[in-house]
Amino acid sequence: MELLWCCHGFLLLDGTTNAVLGPGLTSKMADTENAPPAARVEPVWDQNRTRGDEPPAAGTSRGSFGISGGDRMMFAAIAAVALAIGIVNAFSGAQDAAWRGDSYDIGRRLFWEMSSIAVILLLLPILILAVRRMRRTPGLAAQAAIGAIALLGFSTLHITGMVWVRKLALWLAGGAYDFRFSLATVLYEFRKDAVAVVLIGATIWLLESRRELKRAAIASSAPPAPQPPSPDLIWLRDGTSRIRVVPRDILWVASAGNYIEYSLADGTQHLIRGTLAAAESELARFSIVRVHRTKLANLDRVRGVDLKPSGDFELAFDNGQTLGGSRRYRSTVAALGSRTAPAGSATGDQ
């Protein structure tokens, strides 16, 4: 047995076969029997959610079961290395045979190499998926099981595909190919497949790790995504002025022509251009509901309600202020209970 060093690895010569072991990929060789001896002013609500980044959907361009641009680059790199090693291996074997006095026959050696490499490249997606599944699977035992299943499937398909490619090509050329199936031959091919799977899998694993590190670096350097506005805040805009208001601070909202007036618990009032109907649809989720044709009231701030014999009612808020409502909307506050309005408190228009 001889060991011949070449620029892409080393050449192992045992009289029946040869193989080049490169740093990142093992080139498949011929089987034993064939081997030679060698806007408008209006209330602005703080509820507009910004569209966030969405996870990529699985498919033909992205995802675990698709082919992305990075996958194509990885495939091209492995293919280039495999072809280069195969060509070097074929020429080295032919030269070694010539030195021993045998036929140079570079064409036959290139055919054995390229037929094996072509099947390997067709099966490369299996190894990519297996490596990605192993990276997502916790536990060394589970990862080893996935690797063993991938190796057995890869070797079975590779041997079968390689044999049939050679049979078909030689049949078209008017020749014949005999694999001479035996346990020794299958184990010989499986051993070479195991080395190839380990080296290709390790290369894919390192490329995937590099890709993840690059994504993490980009994510860490990117500015933080804007947080969605707090659902408990609203913004009122009047011209160039913007006022942030906590819905809990609103006692009532009243219509005033082309404007609506917000009355807050601290006594401040804000006159905003807009319609009461629009304000009602936005404020209903804060329990601010219509109690009069021209008024909305914050039921969360109501301490009591005085139901009048006429059907109208009067709301008393927790800060002592009151607001009148019409009988048309009595069902809205009927469940709140009844109370006597404090003496001297102002009653709103009905």
Side-chain angles (χ1 to χ4, degrees), residues 39-52 225-350:
R40 174 186 171 183
V41 181
E42 58 184 6
V44 178
W45 310 105
D46 200 15
Q47 299 299 315
N48 295 325
R49 295 184 178 180
T50 57
R51 180 180 177 88
Q227 297 296 324
S230 170
D232 296 330
L233 294 176
I234 62 175
W235 287 86
L236 306 179
R237 182 172 64 190
D238 187 1
T240 59
S241 300
R242 291 173 60 88
I243 306 165
R244 188 175 68 173
V245 175
V246 178
R248 169 72 183 173
D249 292 341
I250 300 174
L251 290 184
W252 68 78
V253 183
S255 175
N258 293 330
Y259 293 83
I260 48 177
E261 184 179 54
Y262 288 78
S263 296
L264 307 185
D266 61 2
T268 60
Q269 295 179 332
H270 299 290
L271 193 63
I272 305 298
R273 187 177 179 85
T275 65
L276 194 65
E280 180 182 15
S281 64
E282 294 291 343
L283 296 174
R285 53 201 167 91
F286 301 115
S287 297
I288 301 177
V289 298
R290 191 181 292 262
V291 295
H292 190 276
R293 183 177 58 85
T294 62
K295 301 170 189 175
L296 308 176
N298 190 345
L299 299 185
D300 287 342
R301 300 297 299 262
V302 173
R303 186 178 62 185
V305 56
D306 183 16
L307 302 177
K308 306 290 186 179
S310 63
D312 295 338
F313 56 90
E314 185 178 71
L315 301 176
F317 296 98
D318 53 12
N319 68 344
Q321 298 186 53
T322 61
L323 179 71
S326 67
R327 56 181 175 271
R328 179 180 178 184
Y329 301 96
R330 180 167 176 163
S331 60
T332 304
V333 299
L336 295 178
S338 62
R339 63 177 293 277
T340 302
S345 60
T347 301
D349 295 336
Q350 298 179 1

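The first residue in the sequence is number 1, and the count goes up from there.
Going from atom OH of Y262 over to atom CG of L283 covers 5.0 Å, rounded to the nearest 0.5 Å. Here the straight-line distance linking atom CG of L251 with atom CG of L264 works out to 7.0 Å at 0.5 Å rounding. Note that CZ of R248 is 10.0 Å distant from OG of S287, once rounded to the nearest 0.5 Å. Rounded to the nearest 0.5 Å, atoms CG (D312) and OH (Y329) are 12.0 Å apart. With values rounded to the nearest 0.5 angstrom, I260 atom CD1 is found 12.5 Å from T294 atom OG1. The distance from the CG atom of L315 to the CZ atom of R303 is 12.0 Å, given to the nearest 0.5 Å.
Inter-residue side-chain proximity for K295 and W252 is flagged as unmet; no heavy-atom pair is nearer than 4.5 Å. Contact annotation: the side chain of L323 never approaches that of H292 to less than 4.5 Å [non-hydrogen atoms, C-beta and beyond]. Side-chain atoms of D266 and D249, non-hydrogen and from C-beta on, never get closer than 4.5 Å to each other. Under the 4.5 Å side-chain criterion, counting only non-hydrogen atoms from C-beta, Q269 is not in contact with L271. Side-chain contact check for T332 versus R290: every heavy-atom pair is 4.5 Å or farther apart. Proximity of I250 to F286: side-chain heavy atoms (C-beta onward) are nowhere separated by under 4.5 Å. Proximity of I243 to W235: side-chain heavy atoms (C-beta onward) are nowhere separated by under 4.5 Å. At a threshold of 4.5 Å between non-hydrogen side-chain atoms, the residues F313 and V291 count as touching.
Put simply, the side chain of N298 gets close to the backbone of P247: a donor and an acceptor are under 3.5 Å apart. Side-chain N or O atoms of R301 include none that pairs as donor or acceptor with a backbone N or O of N319 at under 3.5 Å.
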* To do: Take E282 and I234, measure what side chain to side chain contact (heavy atoms under 4.5 Å, CB included) needs, and give me the verdict at the end.
  => CA-CA 10 Å; E282 294 291 343; I234 62 175; over 6 Å; no
